[in-house]
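When reading the values below, keep in mind they use all heavy atoms of this one structure, side chains included, and skip hydrogens, waters and symmetry mates.
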Amino acid sequence: MQTARGLLGSVACIALMASSAYGQDTAASPTVKIEKKQVHKANVLNSRHSHAAAAQDENMIVTGTRAAHVSARSSTSPIDVISAADLKRTGQVDLRDALARTVPSISVQSMGYDTGALTDSIRMRGLNPNYTLVLVDGKRRHTTANIYANAGLQQGSTPVDIDMIPAGAIDHIEVLRDGAAAQYGSDAIAGVVNIILKKTPHGFNISGQTGAYAYKGDGWQSNLNLDGGFKFLGDGYIHLSGQYIHTDMTNRSSPDDRTGEVSTKMLGRPEQTRGTMGLEFGKRLTDNIELYGNATYAHRHAQSFQYFRLASALPSYYPNGFSPVETNDEDDYGATIGIKGQTFLGFNYDLSSTYGRDIVDIHNVSTANLGLYAATGSTPTTFYAAGYRDSQWTNNLDLHRLFKMWNMPVNVALGAEHRYEDYTIVPGDEASYSYGGAAGFVGLQPVNAGSSHRNVYAGYVDLDVHPVKKLDIDLAGRYETYSDAGHTFNGKIASRYDFTKRIAVRGAISNGFRAPSLAQEYYGNLNIAPTSASGQLAVNSVAARTLGASALKPERSTNASGGIVLTPLNNWHVAVDVYQINIRDQIVAGGNYTGQAALDAIESQGITLPSGIITSSVSAKYFSNGVSTRTQGMDITSDYKTDFHQYGKILWTAAVNLNRVRMHHLGKDTLGNSLLSTSGVSTLTTGSPRSKIILNANWTLGQWDVNIRQSRWGSSKVLLGYSNEAPAELRYSNTIFKEFTNAPRWTTDLEVGYRPDDHWHISFGANNIFNVRPSKVPAMNTLYGITRYYVSSSQMDFNGAYYYLQAAASF
């Protein structure tokens, strides 16, 4: 084993020495090549996927610029282009995990608690998912209704769940690693992920995968993808896609100190079944007008376990004890329809309307309301706990035109946008919250339910000018006004100067504005463990005000970046970019109160906690503009191609993200208390890995291909509270913490593929082949000693080695 590890490590070192990186031009690279090099032209329907376009040796991009024929290498801001083949080569069935395996600046949380485990999200540059804007074919995608309310770096997020888009519908993904508030929306603070859908009017593709976590023999996953296109009415096209995924639960819990056995299945990936469908269409109506659109639908059923209740809790119903199960039934819809043409006052135009809605219903299964049973002698075992509804309707008019001014090309783009947002919280049934509520997840009370909405109006102007041949300057300005959060003007200036064809420099400065989400303003809930309780108070509630809460303000940001782009050799490309992101009035779950004060605030809402809850273990919090932070980092990307002739070709790639977060202001509540404890500060500033490295070598020889990927996950450090395992003087303290370091880890992924003919490709692979795991949390810092991995980390996954078999065919 050590020999094998050393051999693969040597391959990785060679990859690093070759300084290869993701982000450039061939289908073999794991991060940024387009499989069929396609030039996406805004106004010519049939040429978008022509053979001539496929022959280009550049990645033409549509993100980060509104000018035509801009390549990823020549852009003023760093852009990664990830093909569908790159995503498939990761062996991941979820899109978010595939992106995290290919782009170091993108990370995912190891696992979520409660309903947070049932929604997929991504983070960019160590920041909350709320700061990453997701587009589909350049149009804003709606967010999930399921807020992540538990502690960690994702707290308060209602991100776009990108796994609700069928994988077979995706042609490639463009990742803009720079602030883009002035270009796409004031909340595009960390960057933009633009998912480009397939538009081919021909062909049929099918792929499938099955696999499991070999060392434990659990977590079996099945994945089936279908997509195909056809023509209609002459030059029209329709492309259809579908995906089915089922993943079994994994369990990495340690023995429960109450039973001495692994009786609680809290720590692991939830069980999930997900089906998605997609449609993309286009039809030329006249020589100058094109009708286009897309639609997606997804349904998810997912479930995760809660803490085990002992046999003494309700022996008449559960003589051997019980583990409550939390379920999520979710329906997600999205659709865009638009027309584009070339005849409006000399401008090319694009008029579109996009609607999206996410519906989440949460149930408790295999549980009981112990207080209700004590009062009445009976209790249901299944409860409707809560419902969340989120909808977003966006209308856009975009215009662009190329002018000649003093022999200088000037690309002018301008447009307007209206967005309507609506968020609804549905209460649980009465039995789910009365008499202390259902064990596990207490149903939402009517006091926490309701609907809210707002309107957002925006206008923008974008100028791309070339004052001299080698200089490109992009100026963008955007005005937005919110019906509930005021108005903002955001600007961005980005420039690039090419000294020679091998050396260029680029830089940008911009600002951003993010209004509090409706969920952050109105959401509240209560989680119950056997002996503890944690309440999330709606920030505008009376209960939160008694603990010092004040109304949420918008978050404001300033971004600055600079980089150098090199081509030392014809087949070698290198880019180095540094960045700084300042966020003022950042929204965090502050005001973490414990003991009697927390208990009084929770009970002031008419909530009665069940018997057995220890007062010192009760906590309450609310969202607040708690801190101001500064995020600094560096991205390094490179790729290098070698041709060994009869021995095949190898594309070496390497990518590095270095990231550091510092807090430069800590706010106080209206009572004069700090809004974050020292533990909360550590989670925010050092809870995310300081570095991430991805090294990749893709070798092709005849009908064979081999892909080796080495990933290094940097260390993170947090202050953890003490739980029931600790000495009495430490338990549930809000001032005394244990410093925990999640040590750096290397993981190795390997895939071997074979193509028996022009249609089929079969591969066998293993992720984390050496079964590396993160550092373990001390038992005294976990409730009942169960969750021995730090689940809020965005470091490596804790499930261990995963082996899979893939087969794909194209006709």
Flag, side chain of Asp462 to backbone of Arg478, donor-acceptor distance under 3.5 Å: no
Exercise: identify the closest heavy-atom pair between Tyr579 and Leu658: OH-O, 3.5 Å
Expected output: side-chain Ser510 to main-chain Lys492 donor-acceptor under 3.5 Å: no
Spatial distance of atom CG (Leu676) from atom CG (Asn673) [nearest 0.5 Å]: 12.5 Å
Least distance between heavy atoms, Lys692 atom then Val103 atom: NZ-O, 3.9 Å
Rounded distance (nearest 0.5 Å) linking atom CD1 of Ile583 with atom OG1 of Thr629: 4.5 Å
Polar side-chain atom of Glu174 near backbone of Val62 as donor-acceptor pair, under 3.5 Å: yes
Sequence neighbours excluded - salt bridge (Lys or Arg N to Asp or Glu O under 4.0 Å) pairs with any residue from residues 125-135: Arg125-Asp635
Ser561 (side chain) donor-acceptor with Gly507 (main chain) under 3.5 angstrom: no
Ser186 backbone acceptor or donor facing Glu480 side chain under 3.5 Å: yes
Donor-acceptor side-chain pairing of Tyr593 and Tyr622 below 3.5 angstrom: yes
Aromatic centroids of His487 and Tyr482 separated by under 6.0 Å: no
Arg66 to Tyr460, cation-pi by 6.0 Å centre distance and 45° axis angle: yes
Donor-acceptor contact below 3.5 Å, side chain Asp749 vs main chain Gln710: no
Side-chain ion pair, Arg389 and Asp422, N-O less than 4.0 Å: no
Salt bridge (Lys or Arg N to Asp or Glu O under 4.0 Å) partner of Arg300, the single match among Asp358, Asp120, Asp163: Asp120
Criterion side chain to side chain contact (heavy atoms under 4.5 Å, CB included) on Ile189 and Phe513, from CA distance to verdict: CA-CA 8 Å; Ile189 292 173; Phe513 171 101; over 6 Å; no
Ser711 side chain to Trp746 side chain, donor-acceptor N/O pair below 3.5 angstrom: no
Distance-only donor-acceptor check, side chains Asn396 and Glu417, under 3.5 Å: yes
Candidate pair Asp585 and Arg514, rule salt bridge (charged side-chain N to carboxylate O under 4.0 Å, His left out), full reasoning: CA-CA 10 Å; Asp585 297 321; Arg514 182 185 172 276; over 6 Å; no
Considering all heavy atoms, the nearest Gly714-Pro689 contact: O-CB, 3.5 Å
Flag side-chain contact, heavy atom, 4.5 Å: Pro129 against Arg123: yes
Inter-residue atom distance Ser495.OG - Arg506.CZ, 0.5 Å rounding: 11.0 Å
Worked check of side chain to side chain contact (heavy atoms under 4.5 Å, CB included) between Ser77 and Leu176: CA-CA 7 Å; Ser77 297; Leu176 169 61; 3.6 Å; yes
Distance-only side-chain donor-acceptor flag, Gln272 / Thr247, under 3.5 Å: no
From Ser628 atom OG to Arg556 atom CZ, the distance as rounded to the nearest 0.5 Å: 12.0 Å
Donor-acceptor pair between Tyr523 and Asn525 side chains, under 3.5 angstrom: yes
Sub-4.5 Å side-chain heavy-atom contact between Leu684 and Val627: yes
Derivation of the ring pair (Phe, Tyr, Trp, His ring centres under 6.0 Å) call for His453 and Tyr423: CA-CA 6 Å; His453 66 272; Tyr423 184 71; over 10 Å; no
Note, Asp484 side chain near Leu518 side chain (heavy atom, < 4.5 Å): yes
Donor-acceptor contact present, side-chain Asn742 to main-chain Ser775, <3.5 Å: yes
Ring geometry between His418 and Tyr457 (parallel below 30°, tilted from 30 to 60°, perpendicular above 60°): tilted
Check: Ser793 and Ser716 side chains under 4.5 Å, non-hydrogen atoms: yes
Inter- and intrachain pairs under salt bridge (Lys or Arg N to Asp or Glu O under 4.0 Å), touching residues 656-665, at least two apart: none
Note, Gln155 side chain near Phe623 side chain (heavy atom, < 4.5 Å): yes
Check: Ser682 main-chain N/O paired with Thr686 side-chain donor or acceptor under 3.5 Å: yes
Glu421 side chain to Arg454 backbone, donor-acceptor under 3.5 Å: no
Distance in Å, Ser792 OG paired with Leu720 CG, rounded so as to fall on 0.5 Å steps: 9.5 Å
Side-chain heavy atoms of Tyr479 within contact of Thr488, under 4.5 Å: no
Exercise: identify the closest heavy-atom pair between Val539 and Glu521: CG1-O, 3.5 Å
Single hit among Ile165, Leu135, Ile162 for side chain to side chain contact (heavy atoms under 4.5 Å, CB included) with Arg141: Ile165
Stepwise side chain to side chain contact (heavy atoms under 4.5 Å, CB included) test for Val456 and Thr481: CA-CA 6 Å; Val456 185; Thr481 179; over 6 Å; no
Modelled atom types, side-chain donor and acceptor of Tyr789 and Asp797, under 3.5 Å: no
Side chain to side chain, Trp393 and Thr354, heavy atoms closer than 4.5 Å: no
Flag, side chain of Asp86 to backbone of Ser83, donor-acceptor distance under 3.5 Å: yes
Side chain to side chain contact (heavy atoms under 4.5 Å, CB included) assessment of Gln183 paired with Asp474: CA-CA 10 Å; Gln183 296 167 293; Asp474 195 339; 4.2 Å; yes
Pairwise side-chain contact, Arg101 with Arg89, heavy-atom cut-off 4.5 Å (strictly under): no
Asp390 and Thr143: CA distance, side-chain angles, deciding distance, side-chain hydrogen bond (donor to acceptor under 3.5 Å, both in side chains) verdict: CA-CA 7 Å; Asp390 183 89; Thr143 59; 3.3 Å; yes
Asn511 versus Gly491, closest heavy-atom pair with distance: OD1-N, 2.7 Å
Shortest non-hydrogen contact from Ala620 toward Leu547: CB-CD1, 4.2 Å
Side chains of Gln580 and Gln632, donor plus acceptor under 3.5 Å: yes
Separation between OG of Ser121 and CG of Asp161, rounded to the nearest 0.5 Å: 7.5 Å
